[in-house]
Amino acid sequence: MSAEGPLKVSDITFRSRLIVGTGKYASFEETKKAVEASGADCVTVAVRRVNILNRTEENLLDYIDPTIYKILPNTAGCYTAEEAIRTARLARSSGISDMIKLEVIGDQKNLFPDNEALLEATRILVKEGFIVLPYTNDDPIMAKKLEDAGAAVVMPLAAPIGSGLGIRNPYNLRIIMENASVPIIVDAGVGTASDAAIAMELGCDGILMNTAIAGAKNPIQMAEAMNLSVRAGRLAYLAGRIPRKLYAQASSPIEGMIE
């Protein structure tokens, strides 16, 4: 178990606070190497886009062993609550997982979530016994509504999906965390290792990312960098940063100085 402690989602314990996606890689082999370098023990898979259901063809699960990694199916590409619910049921009926990363996209250009449909789908899937991890925007009110609807975690974006813009609104994230009694996992917008460290230093419980690793010039190296930055950010959060001051303060004592 990692030194900074495990991440718990419902009754599931994660060794790493980094969850990685499996899209956009050049090959399944590259995906496997990046996942290994990331240190993550949970990977998310787009049910509608990646072959994980037909085991007679080359399959991502031939490279990502589900006995080693927790598989988190997601509903990427769904634009209505009905589509997302149907996709979640398909994933569960295939025996992949009771967990579902729930996405209901509201706009094809910016990929922001349709929070009204997201909330509706969350309520239905929670009643059906799913462990729901909804992707939402950084609205503290919606985050609380999703938690009240039974979401196991809430996953606010840091910036639009795939943008790499980093943490755009740390103040909203802090409000969301202050009001939450479930883990808060930043999902979307991280661009490089320093973005991940900042999110963790703010106190986020974890980070989910895909493009920041898969889109890097060297995905394997970036995966390792993200592994280290998430761990460093978490440790820095637990350690507590010094207060910011306007003026300098000597770090060495002045007692006993030669006069």
Side-chain angles (χ1 to χ4, degrees), residues 18-25 43-50 72-88 91 100-125 132-147 149 151 153-177 179-180 183-196 198-200 202 204-217 219 222 226:
L18 175 60
I19 301 172
V20 294
T22 53
K24 300 183 178 179
Y25 289 95
V43 299
T44 184
V45 177
V47 175
R48 301 181 72 190
R49 294 174 177 164
V50 178
L72 173 60
N74 68 61
T75 63
C78 293
Y79 283 81
T80 67
E82 291 76 19
E83 282 182 328
I85 292 167
R86 188 164 57 249
T87 302
I100 189 74
K101 183 201 165 196
L102 185 61
E103 294 185 23
V104 184
I105 301 301
D107 184 275
Q108 199 165 21
K109 182 177 181 180
N110 55 49
L111 300 181
F112 284 137
D114 179 339
N115 280 322
E116 183 178 355
L118 180 70
L119 185 59
E120 176 189 351
T122 297
R123 286 171 174 152
I124 292 172
L125 291 174
V132 181
L133 295 77
Y135 157 72
T136 183
N137 58 15
D138 59 2
D139 176 1
I141 305 303
M142 179 52 63
K144 194 62 183 174
K145 286 184 178 181
L146 290 166
E147 179 183 340
V153 306
V154 176
M155 308 181 80
L157 56 78
I161 291 175
S163 68
L165 289 172
I167 311 301
R168 293 295 85 195
N169 195 338
Y171 305 104
N172 273 26
L173 290 179
R174 289 187 65 173
I175 294 171
I176 289 172
M177 288 183 285
N179 293 334
I184 301 299
I185 297 177
V186 163
D187 180 7
V190 167
T192 190
S194 56
D195 297 334
I198 289 171
M200 297 306 295
L202 286 171
C204 294
D205 296 285
I207 299 178
L208 190 153
M209 66 178 71
N210 188 162
T211 305
I213 296 175
K217 290 181 180 177
M222 184 59 83
M226 292 299 186

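Numbering starts at 1 and runs along the sequence shown. The basis for the numbers below is simple: all heavy atoms, side chains too, and nothing from hydrogens, waters or symmetry mates. Just so it is clear, the structure is predicted and the values come from calculations on it, not from any experiment.
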* Report, as yes or no, whether the 6.0 Å neighbourhood of atom NZ on K144 holds more than 12 heavy atoms from other residues, nucleotides or ligands. =>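 Enclosed: over 12 neighbouring heavy atoms sit under 6.0 Å from NZ of K144.
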Restricting to non-hydrogen atoms, name the atom on [X] and the atom on [Y] that form the minimum distance, rounded to 0.1 Å.
| X | Y | answer |
| --- | --- | --- |
| E147 | A180 | OE1-CA, 3.4 Å |
| V154 | P156 | O-CD, 3.2 Å |
| I213 | M222 | CA-CG, 4.0 Å |
| A149 | R123 | CB-CG, 3.7 Å |
| P170 | L202 | CB-CD1, 3.8 Å |
| D205 | P183 | OD2-CA, 3.3 Å |

Any chance you could measure [X], atom [atom1], to [Y], atom [atom2], to the nearest 0.5 Å?
| X | Y | atom1 | atom2 | result |
| --- | --- | --- | --- | --- |
| K24 | T211 | NZ | OG1 | 3.0 Å |
| T80 | E120 | OG1 | CD | 9.0 Å |
| D107 | D114 | CG | CG | 10.0 Å |
| M155 | L118 | CE | CG | 11.5 Å |
| N172 | I167 | CG | CD1 | 12.0 Å |
| E82 | I124 | CD | CD1 | 7.5 Å |

* E83 vs T75, side chain to side chain contact (heavy atoms under 4.5 Å, CB included): CA-CA, chis, key distance, verdict -> CA-CA 8 Å; E83 282 182 328; T75 63; over 6 Å; no
* To do: Please list, chain by chain and in numerical order, all residues satisfying side chain to side chain contact (heavy atoms under 4.5 Å, CB included) with N210, sequence neighbours excluded.
  =>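 Per chain and number, N210 pairs via side chain to side chain contact (heavy atoms under 4.5 Å, CB included) with Y25, A214.
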Please tell me if the side chains of [X] and [Y] come closer than 4.5 Å, counting only heavy atoms from C-beta onward.
| X | Y | answer |
| --- | --- | --- |
| L111 | P160 | no |
| L146 | L119 | yes |
| C204 | M177 | yes |
| I185 | I19 | yes |
| V104 | P113 | no |
| Y135 | I161 | yes |
| V190 | M226 | yes |
| I175 | N179 | yes |

* To do: Pick out which of I141, T122, N137 makes a side-chain contact (heavy atoms from CB on, under 4.5 Å) with N115.
  =>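 Considering I141, T122, N137, a side-chain contact (heavy atoms from CB on, under 4.5 Å) with N115 is found only for N137.
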* Say whether, by atom type as modelled, one donor and one acceptor occur between the side chain of T44 and the main chain of P73 under 3.5 angstrom. =>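 Looks like no, no N/O pair under 3.5 Å.
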* Main-chain N/O of L157 paired to D187 side chain as donor or acceptor, under 3.5 Å ->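 No; judged by distance alone, with no hydrogens or angles, the pair does not exist.
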* Asked: When you check the gap from the basic side-chain N to the acidic O, do D138 and R168 get nearer than 4.0 Å?
  ->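 Looking at R168 together with D138, the answer is no, because their closest N to O distance does not fall below 4.0 Å.
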